[in-house]
Number of protein chains: 2
Amino acid sequence: MKINKSRYAILGLLSMGPMSGYDIKKKFEKIASNFWNESYGQIYPILKRLNAEGLAVKTIEKQIGKPDRHVYELTRQGHEKLMEWLKEPVDRHIGRHEILLKLFFGPMISVNDNIKQIQQFQKIYEKELTDLKTIKETIKMDHNDQSHLPYWLMTIRFGELVNKALIQWSRESCALLEKMND
Amino acid sequence: MKINKSRYAILGLLSMGPMSGYDIKKKFEKIASNFWNESYGQIYPILKRLNAEGLAVKTIEKQIGKPDRHVYELTRQGHEKLMEWLKEPVDRHIGRHEILLKLFFGPMISVNDNIKQIQQFQKIYEKELTDLKTIKETIKMDHNDQSHLPYWLMTIRFGELVNKALIQWSRESCALLEKMND
DNA sequence: TACCGCATGTAACGGGTTACATGATTGC
DNA sequence: GCAATCATGTAACCCGTTACATGCGGTA
């Protein structure tokens with residue numbers, strides 16, 4: 001059994017207020033880019049389907065000088081579908097980290113080349129850790145009602161802990177490889 | 001630009017010795033299930049392509065009472081293609097953890113329902129942590145040459161650190177939500 | 001008798017990204 | 001004059017899983 005997460009991601013954003021496809025993309029980039037993103041290629045067809053299935057209603061807002069906005073609002077059924085999904089247990093998520101695959105075949109290249117790979121990997125997550133600080137500030141500004149903030153901060157904390165673990169692993173692994181070099 | 005990781009995963013396994021599609025699947029399950037898996041729907045077509053592109057050669061081993069084995073062996077070009085890829089820098093990997101998406105819309109359901117979600121999430125990674133011990137033992141048996149072992153243990157260590165971080169996050173988050181309940 | 005392991009493969013489907021098409025306004 | 005922002009959408013891909021088809025031999 002396979003469920004479409006993007007569908008629920010969009011349903012979820014709409015639950016916080018009426019929005020257009022364009023708004024949805026921007027919102028994800030602004031406040032959830034640390035763990036989620038959606039492309040227009042997903043968003044627009046999904047909105048169409050949500051509308052067809054009676055989970056959202058569409059209103060067209062005319063604008064002058066700018067294209068029309070197609071604003072979607074959740075129906076009661078939409079809210080219910082979302083809540084159902086929120087209560088369903090999550091399933092295991094396999095990482096498929098490319099660095100692990102490369103390291104798995106480590107002996108094919110030199111120890112130094114492996115060290116370089118890990119160092120580059122480490123840099124990615126060090127940057128991510130500093131980026132998280134910016135997102136944290138952004139969401140503290142953005143939340144309209146009190147209720148979302150604690151949950152949003154949990155997603156930040158998740159990123160902090162995981163990134164720190166990845167950095168620690170990088171340091172450990174490099175140290176190990178450097179010992180092998182002697 | 002988009003590269004096919006499965007292709008290189010298979011190329012990598014073949015670099016450790018001639019193998020059939022069936023062997024490849026079993027090998028991944030046995031020694032890399034903590035971070036990688038491939039389905040037959042990927043493996044067989046990829047092997048066909050590797051052969052067509054001159055990266056692997058195919059030999060058919062007849063067996064009695066069992067189906068023929070189509071054994072693939074890397075060519076020199078195959079080895080080179082693999083080494084090239086191993087040296088290419090890895091790119092950022094966005095998690096798309098369903099639990100974070102659900103938590104993001106946490107206020108839609110009760111605090112207790114959110115706690116339940118996190119507890120279930122935590123259980124998954126506690127189990128994963130104990131499973132890692134088994135895999136660790138398996139790979140200590142399985143490695144034929146000395147060279148791979150340290151790298152394989154690094155992939156295990158990766159899992160240990162990340163899973164521990166996820167468990168810690170679960171505990172912290174549950175504690176936070178329980179405080180909100182009062 | 002029924003299922004599991006061995007072993008190959010394909011077809012259908014669903015998920016997701018990227019590139020493209022359109023077109024007005026605003027700012028450098 | 002050029003790029004960016006606003007705003008919608010589609011088509012072509014690639015990636016990946018699942019289900020199915022085939023068929024022998026051993027075990028419970």
Side-chain angles (χ1 to χ4, degrees), chain A residues 1-11 18-30 32-33 35-52 56 58-72 85 91-98 101, chain B residues 1-11 18-30 32-33 35-52 56 58-72 85 91-98 101:
Chain A
M1 218 179 302
K2 183 178 288 188
I3 42 114
N4 190 340
K5 289 179 196 172
S6 295
R7 205 179 133 87
Y8 290 100
I10 291 169
L11 220 44
M19 255 181 251
S20 70
Y22 191 80
D23 294 338
I24 288 169
K25 182 92 197 295
K26 286 284 148 314
K27 194 89 176 176
F28 272 124
E29 277 166 11
K30 202 178 169 194
S33 63
F35 71 93
W36 208 264
N37 67 313
E38 291 293 345
S39 62
Y40 291 128
Q42 291 265 91
I43 294 171
Y44 288 117
I46 287 175
L47 284 174
K48 215 178 197 175
R49 278 189 55 204
L50 292 180
N51 186 46
K58 178 180 177 175
T59 323
I60 295 174
E61 283 178 13
K62 305 239 167 193
Q63 297 190 120
I64 34 165
K66 289 179 194 171
D68 293 353
R69 281 165 52 79
H70 296 205
V71 178
Y72 291 83
W85 174 75
D91 46 37
R92 193 206 159 195
H93 163 261
I94 17 111
R96 274 192 162 232
H97 276 273
E98 199 186 341
L101 189 59
Chain B
M1 216 180 303
K2 184 178 286 188
I3 41 115
N4 191 340
K5 290 178 195 172
S6 294
R7 207 179 130 88
Y8 290 101
I10 291 168
L11 220 45
M19 256 180 250
S20 68
Y22 191 81
D23 293 339
I24 288 169
K25 180 91 198 294
K26 285 286 148 314
K27 195 90 176 175
F28 272 124
E29 277 166 11
K30 201 178 169 194
S33 62
F35 71 92
W36 208 264
N37 66 313
E38 292 293 347
S39 62
Y40 290 127
Q42 291 266 92
I43 293 170
Y44 288 118
I46 286 175
L47 283 173
K48 214 177 198 175
R49 278 189 54 204
L50 292 180
N51 185 48
K58 178 178 176 175
T59 322
I60 294 174
E61 283 178 12
K62 305 238 168 195
Q63 298 191 121
I64 33 165
K66 289 179 195 174
D68 293 353
R69 282 167 50 80
H70 296 206
V71 178
Y72 291 83
W85 173 75
D91 46 38
R92 192 208 160 195
H93 162 262
I94 16 112
R96 274 193 160 230
H97 276 274
E98 198 186 340
L101 189 59

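Order of the sequence lines fixes the chain letters, A, B, ..., with proteins taken first and strands second; residue numbering starts at 1 for each chain.
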Seminar exercise, completed: Residues passing the side chain to side chain contact (heavy atoms under 4.5 Å, CB included) test with A:Pro45, sequence neighbours excluded, are none

Exercise. Salt-bridged, A:Glu38 to A:Lys5, with N to O below 4.0 Å?
Worked result: no

Exercise. Atom NE2 of B:His93 and atom C1' of C:dG16: how far apart are they, to the nearest Å?
Worked result: 14 Å

Problem set entry | d(CD, B:Glu38; P, D:dT17) in whole Å | 7 Å

Problem set entry | Qualifying residues under side chain to side chain contact (heavy atoms under 4.5 Å, CB included), relative to A:Tyr8, sequence neighbours excluded | A:Leu11, A:Lys81, A:Trp85

Exercise. If we only count heavy atoms from C-beta on, is the B:Tyr44 to B:Tyr22 side-chain gap below 4.5 Å?
Worked result: yes

For this session: List in chain and number order the residues that pass side chain to side chain contact (heavy atoms under 4.5 Å, CB included) with B:Asp91, two or more places apart in sequence or in another chain; answer none if no residue qualifies.
Result: A:Glu98

For this session: Whole angstrom is fine here: how far is it from CZ in B:Arg92 over to P in C:dT17?
Result: 12 Å

Exercise. Closer than 4.0 Å, any side-chain N/O of A:Asn37 to the OP1 or OP2 of C:dG16?
Worked result: no

Problem set entry | Whole-Å distance separating the CZ atom of B:Arg49 from the P atom of D:dG16 | 12 Å

For this session: May I ask you to say what B:Arg7 touches in the nucleic acid, namely base, sugar-phosphate or nothing, with a heavy-atom cut-off under 4.0 Å?
Result: nothing

Exercise. So, is B:Arg96 close to the C:dG15 phosphate, meaning a side-chain N or O under 4.0 Å from OP1 or OP2?
Worked result: no

So which protein N/O to nucleotides 4-13 of chain D N/O distances come out below 3.5 Å?
residue : atom : partner : partner atom : Å
D:dC6   : OP2  : A:Tyr22 : OH           : 2.5
D:dC6   : O5'  : A:Tyr22 : OH           : 3.3
D:dA7   : OP1  : A:Gln63 : OE1          : 3.1
D:dA7   : OP1  : A:Gln63 : NE2          : 2.7
D:dT8   : OP1  : A:His70 : N            : 2.9
D:dT8   : OP2  : A:Tyr22 : N            : 2.8
D:dT8   : OP2  : A:Tyr44 : OH           : 2.8
D:dT8   : O5'  : A:Tyr44 : OH           : 3.4
D:dG9   : OP1  : A:His70 : ND1          : 3.2
D:dT10  : OP1  : A:Lys48 : NZ           : 2.9

For this session: Would you work out how much the helix from C:dT1-D:dA28 to C:dC28-D:dG1 bends between its ends, with each end axis defined by five base pairs, to 10 degrees?
Result: 30°

Side chains of residues 58-66 of chain A: which donor-acceptor partners sit under 3.5 Å, not counting sequence neighbours?
residue : atom : partner : partner atom : Å
A:Lys58 : NZ   : A:His70 : ND1          : 3.2
A:Glu61 : OE1  : A:Arg69 : NE           : 3.4
A:Gln63 : NE2  : A:Pro67 : O            : 2.9

Problem set entry | Residues forming a side chain to side chain donor-acceptor pair (under 3.5 Å) with A:Lys27, sequence neighbours excluded | A:Asp142

Seminar exercise, completed: Between CD1 of A:Ile46 and P of C:dG15 the distance, given in whole Å, is 8 Å

Problem set entry | Distance, rounded to the nearest Å, where B:Ile10 contributes CD1 and D:dC15 contributes P | 12 Å

Exercise. Between C:dA7 atom P and B:Lys25 atom NZ, what is the distance in whole Å?
Worked result: 14 Å

For this session: Examine D:dC15: is either OP1 or OP2 under 4.0 Å from a nitrogen or oxygen in the side chain of B:Ser6? Give yes or no.
Result: no

Seminar exercise, completed: Residues at least two apart in sequence or cross-chain that pass salt bridge (charged side-chain N to carboxylate O under 4.0 Å, His left out) with A:Lys48, listed by chain then number, are none

Exercise. Should A:Ser39 be listed as having a side-chain N or O under 4.0 Å from OP1 or OP2 of C:dT18?
Worked result: no

Exercise. Nearest-Å distance, OH (B:Tyr8) to P (D:dG16)?
Worked result: 13 Å

Problem set entry | Residue list, side chain to side chain donor-acceptor pair (under 3.5 Å) with A:Gln42, at least two apart or on another chain | A:Ser6

